[in-house]
Amino acid sequence: PHHRQYLPVIKYQHSSKLWPLYAMLMRQYLFILVCIFSYSSFGQNCSDIETILQKKYPENIVNNEDYIFYKDKSNFEKLDNPIIKQNFPNYELYAVDMTFKLRPDWKCRCVVFFDSTKSDFILQEPLSMNGIGNRLTSILKNLTFMDTLSLYKFIDNFHQIRQIGSQYKFIKRSTTDSLLAYYVVRFEYQDYITRPYKETVQTKFDKSQIMGNFYIKLENNKIKDYIELNPNQSLK
C-alpha cells in the first residue's frame, strides 16, 4: 500500500508575554503610515499654494500687487496649530516671506490661510504693515465655542498667528462677558530690516508704543465682531 506523506506541521505556541511586543510594533507601523500620509499631503498642499502664490504675485510688470513671491526665497513653513485647525478645518496655515516689489531687498513675513478645497487663500500681512483683512474677519464672525475657556484659548492662538512677521504684540486690556479689549503695541529692536519676524520677549511699554486698539464683541461664547481702531479712536 502507498503511504501518504504529509508535510510536517509546525505548531506555534502563542504567549501572552508577546502581545505587548505585537502591540508596540503595530503602533510603530501605524505611526509610520500616518507620517508618510501627512508628508505626502503636506508636499501636495505646499506645491499647490506655491503655484497659486507665484501666479498671484509674479515677477513681471503685470503684477499689480505690492509683493513678489520668490519660491526659492520664501522660507516656506507650515504652521501646526491644533486649536486654529479645529475652528478653521478647511484651512492650512503657512508662514512665507514676501518680497516688496518696489524694494527687492526688503521682505516681510506673512501668514497664508490656504483653503485647499477651493484652491483659494487669504494673505495676512504683518501687524506692522496692515490691519486684518475683511475676508479674515468674515471667517471669524459667528465662530461659537463650548465655553469661555475654549474661546479665550482660540483668541490667544489666533493672536499669536497674527503677531508673526512683526514686533507688534497684542496686550490684553480688559475682559467682560460681551467684550474683549486689546492694545496693539510696538516693540523695537535693531535687526528689523534683515529679520523682521524675529520674536520679542519684551512686555513693558508706554503710551507712545500703542499702535492700535482691538475689540472682540461676544455673545454667548460666540464672536459677533472683530474690530480694529487706531489709538485715538474709541469704540462706539
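What you see is a predicted model; the values in this text were computed from it and never measured.
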Charged N to carboxylate O below 4.0 Å: is that the case for Asp97 and Lys73? no
Step by step, work out the side chain to side chain donor-acceptor pair (under 3.5 Å) result for Ser150 and Asp147. CA-CA 6 Å; Ser150 299; Asp147 50 44; 2.8 Å; yes
Hey, mind stepping through Ile155 and Ile223 against side-chain contact (heavy atoms from CB on, under 4.5 Å) and telling me if it holds? CA-CA 10 Å; Ile155 295 298; Ile223 296 177; 3.9 Å; yes
Beyond-backbone contact of Gln163 with Tyr168, side-chain heavy atoms, under 4.5 angstrom: no
Considering all heavy atoms, the nearest Gly165-Pro126 contact: O-CB, 3.5 Å
Show the nearest heavy-atom pair for residues Pro58 and Lys55, with the distance to one decimal. CD-O, 3.5 Å
Find the distance between CG (Asn134) and CD1 (Ile139) and round it off to the nearest 0.5 Å. 12.0 Å
Between Thr51 and Asp48, does any side-chain donor sit less than 3.5 Å from a side-chain acceptor? no
Nearest 0.5 Å, what's the CD-NZ distance between Gln209 and Lys207? 13.5 Å
Could you tell me if Tyr67 and Glu125 have a donor-acceptor pair between their side chains, going purely by distance under 3.5 Å? yes
I need the minimum non-hydrogen distance between Leu79 and Ile161, along with the two atoms involved. CD1-CD1, 4.2 Å
Does Glu65 come within less than 4.0 Å of Lys101, counting only side-chain N to carboxylate O? no
Which label fits Phe145 and Phe154: parallel for a plane angle under 30°, tilted from 30 to 60°, or perpendicular past 60°? tilted
So does Ile83 get a backbone contact from the side chain of Lys153, meaning a donor-acceptor N/O pair under 3.5 Å? no
Close side-chain approach of Leu93 to Asp80, heavy-atom, < 4.5 Å: no
Mind checking side chain to side chain contact (heavy atoms under 4.5 Å, CB included) for Lys224 and listing every partner two or more places apart, or none if nothing turns up? Asn142, Lys217, Glu219, Lys222
So OG of Ser166 and CZ of Arg186: to nearest 0.5 Å the spacing works out to 11.0 Å
Heavy atoms, side chains only, cut-off 4.5 Å: are Leu136 and Tyr226 in contact? no
Distance col, row Tyr182:OH vs Phe214:CZ, nearest 0.5 angstrom, shows 11.5 Å
Once rounded to the nearest 0.5 Å, what's the spacing between atom CG of Leu127 and atom NZ of Lys169? 12.0 Å
Could you check Ile122, Ile49, Asn90 and say which one makes a side chain to side chain contact (heavy atoms under 4.5 Å, CB included) with Asp115? Asn90
Which of parallel (below 30°), tilted (30 to 60°) and perpendicular (above 60°) describes Phe158 and Phe113? tilted
Okay, side chain of Arg162, backbone of Gln124: is any donor-acceptor separation there less than 3.5 Å? no
So does Lys56 pair up with Asp120, basic N to acidic O under 4.0 Å? no
Residue set satisfying side chain to side chain contact (heavy atoms under 4.5 Å, CB included) with Leu102, at least two apart, ordered chain then number -> none
Where is the tightest heavy-atom contact between Ile210 and Pro231, given as atom of each residue plus distance? O-CG, 3.3 Å
Tyr94 side, atom OH; Cys110 side, atom SG - distance, nearest 0.5 Å: 16.0 Å
Can you establish whether the number of heavy atoms outside Asp206 located under 6.0 Å from its atom CG is more than 12? yes
Is any side-chain heavy atom of Leu218 closer than 4.5 Å to a side-chain heavy atom of Thr148? no
Looking at Tyr183 versus Phe170, is the centre-to-centre ring distance below 6.0 Å? no
Go through the steps for Leu151 and Leu180 under the test side-chain contact (heavy atoms from CB on, under 4.5 Å), then give the verdict. CA-CA 11 Å; Leu151 187 149; Leu180 303 180; 4.1 Å; yes
Partner of Asn213 under side chain to side chain contact (heavy atoms under 4.5 Å, CB included), picked from Arg173, Gln233, Glu228, is Arg173
Going by atom types only, do Asn221 and Thr144 share a side-chain donor-acceptor pair under 3.5 Å? no
Is the shortest side-chain heavy-atom distance between Ser116 and Phe114 below 4.5 Å? yes
Heavy-atom pair of closest approach, residues Arg135 and Phe121: NH1-O, 2.9 Å
Is there a side-chain contact (heavy atoms from CB on, under 4.5 Å) between Tyr91 and Lys85? Walk through the geometry before answering. CA-CA 7 Å; Tyr91 288 90; Lys85 182 64 176 176; 5.8 Å; no
Salt bridge or not for Arg109 and Glu77, using N-O below 4.0 Å? yes
What residues join Leu235 in its hydrophobic cluster, counting side-chain heavy atom gaps under 4.5 Å, either direct or through other members? Leu179, Tyr215, Ile227, Leu229
Just wondering, are more than 12 heavy atoms of other shown residues or ligands nearer than 6.0 Å to NZ in Lys172? yes
Quick one, Phe100 and Ile68 - any side-chain contact, counting heavy atoms below 4.5 Å? no
Asp177, CG: over 12 other non-hydrogen atoms inside 6.0 angstrom: no
